[in-house]
Amino acid sequence: MAQPNRSIVSKLFNQLKSKEFRSYLMSTHFWGPVANWGIPLAAIADFKKEPKFISGRMTLALTLYSCVFMRFAWKVQPRNMLLFACHLTNATAQTVQGIRFVNYEFLDKKNVAQG
């Protein structure tokens with residue numbers, strides 16, 4: 001098995017030890033998105049819960065919120081790709097929750113009423 005190129009590993013460690021990287025780790029450009037990851041992680045964890053607990057209004061609000069902030073994360077300079085990834089994940093998770101909500105509230109109940 002080939003060993004990784006030592007110069008690549010060396011460059012990576014030098015980058016991680018750099019003043020710029022330490023500065024990034026102490027910025028809101030890093031900690032804001034890290035703190036924000038709680039929202040999509042909670043939505044993903046809720047995939048296992050019964051759909052009767054999903055709030056349609058809150059799901060829509062969180063989807064729109066993430067779409068707006070995805071655009072912000074893309075437009076801000078320098079681009080905040082960590083924030084973009086967080087909101088992309090949240091928009092996706094909220095969309096899945098929204099589909100579960102619509103299926104439960106409108107499609108499943110309609111089938112039960114007809115059957």
Side-chain angles (χ1 to χ4, degrees):
M1 184 169 185
Q3 290 186 350
N5 188 337
R6 291 193 193 278
S7 66
I8 293 173
V9 174
S10 176
K11 286 179 184 178
L12 176 64
F13 280 118
N14 287 338
Q15 177 67 28
L16 292 175
K17 292 190 293 186
S18 72
K19 183 178 178 181
E20 292 82 13
F21 187 74
R22 287 192 314 264
S23 177
Y24 171 70
L25 285 180
M26 296 301 141
S27 71
T28 56
H29 219 69
F30 175 76
W31 287 107
V34 167
N36 211 31
W37 271 99
I39 298 170
L41 292 176
I44 292 167
D46 286 347
F47 288 170
K48 296 179 183 177
K49 293 184 180 176
E50 292 288 323
K52 67 182 178 183
F53 297 113
I54 299 172
S55 166
R57 289 181 178 183
M58 182 56 78
T59 300
L60 178 61
L62 286 169
T63 303
L64 295 175
Y65 157 80
S66 280
C67 289
V68 167
F69 276 94
M70 265 195 297
R71 183 179 187 283
F72 169 80
W74 187 260
K75 291 290 186 179
V76 71
Q77 292 298 321
R79 285 192 174 137
N80 193 335
M81 296 310 288
L82 186 57
L83 185 64
F84 183 84
C86 175
H87 284 294
L88 178 64
T89 303
N90 190 45
T92 304
Q94 296 300 334
T95 300
V96 169
Q97 290 292 71
I99 292 167
R100 292 179 68 220
F101 174 78
V102 168
N103 283 338
Y104 176 77
E105 286 292 324
F106 302 106
L107 302 178
D108 290 347
K109 286 184 178 179
K110 189 176 185 180
N111 290 340
V112 170
Q114 289 176 354

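All heavy atoms count here, side chains included; hydrogens, waters and symmetry mates do not. Position 1 is the first residue of the sequence; numbering continues from there.
In this structure, Asn90 contributes its side chain and Cys86 its backbone to no donor-acceptor pair below 3.5 Å. Counting only distance, with no hydrogens or angles, the side chain of Ser23 and the backbone of Lys19 share no donor-acceptor pair below 3.5 Å. Under the 3.5 Å distance criterion, the side-chain polar atoms of Asn80 are matched with a main-chain donor or acceptor of His29.
Rounding to the nearest 0.5 angstrom, the gap separating the CG atom in Leu62 from the CD atom in Gln94 is 4.5 Å. From Phe72, atom CZ reaches atom OG of Ser66 across 13.5 Å, with rounding to the nearest 0.5 Å. One finds the OH atom of Tyr65 at 11.5 Å from the CE atom of Met58 (value rounded to the nearest 0.5 Å). To the nearest 0.5 Å, atoms CG (Leu88) and CG (Leu83) are separated by 11.0 Å. If you take CZ on Phe69 and NZ on Lys75, they are separated by 15.5 Å, rounding to the nearest 0.5 Å. Taking CD from Gln15 and NZ from Lys17, the interatomic distance works out to 12.0 Å, rounded to the nearest 0.5 Å.
Residues Phe106 and Ile54 are members of one and the same hydrophobic cluster, defined by side-chain heavy-atom contacts under 4.5 angstrom among Ile, Leu, Val, Met, Phe, Trp and Tyr.
For Trp37 against Leu82, the heavy-atom pair with the smallest separation is NE1-CD1, 3.9 Å. Residues Ile44 and Ala93 come closest through the heavy atom pair CG1-CB, 4.0 Å. Across every non-hydrogen atom of Met81 and Trp74, the tightest pair is CE-CZ3, 3.8 Å.
At least one side-chain heavy atom of Leu60 sits less than 4.5 Å from a side-chain heavy atom of Leu64. You'll find the side chain of Thr63 stays beyond 4.5 Å of the side chain of Gln97, heavy atoms only. Inter-residue side-chain proximity for Phe53 and Asp46 is flagged as unmet; no heavy-atom pair is nearer than 4.5 Å.
Relative orientation of the Phe21 and Tyr24 rings is tilted, given thresholds of 30° and 60° on the angle between their planes.
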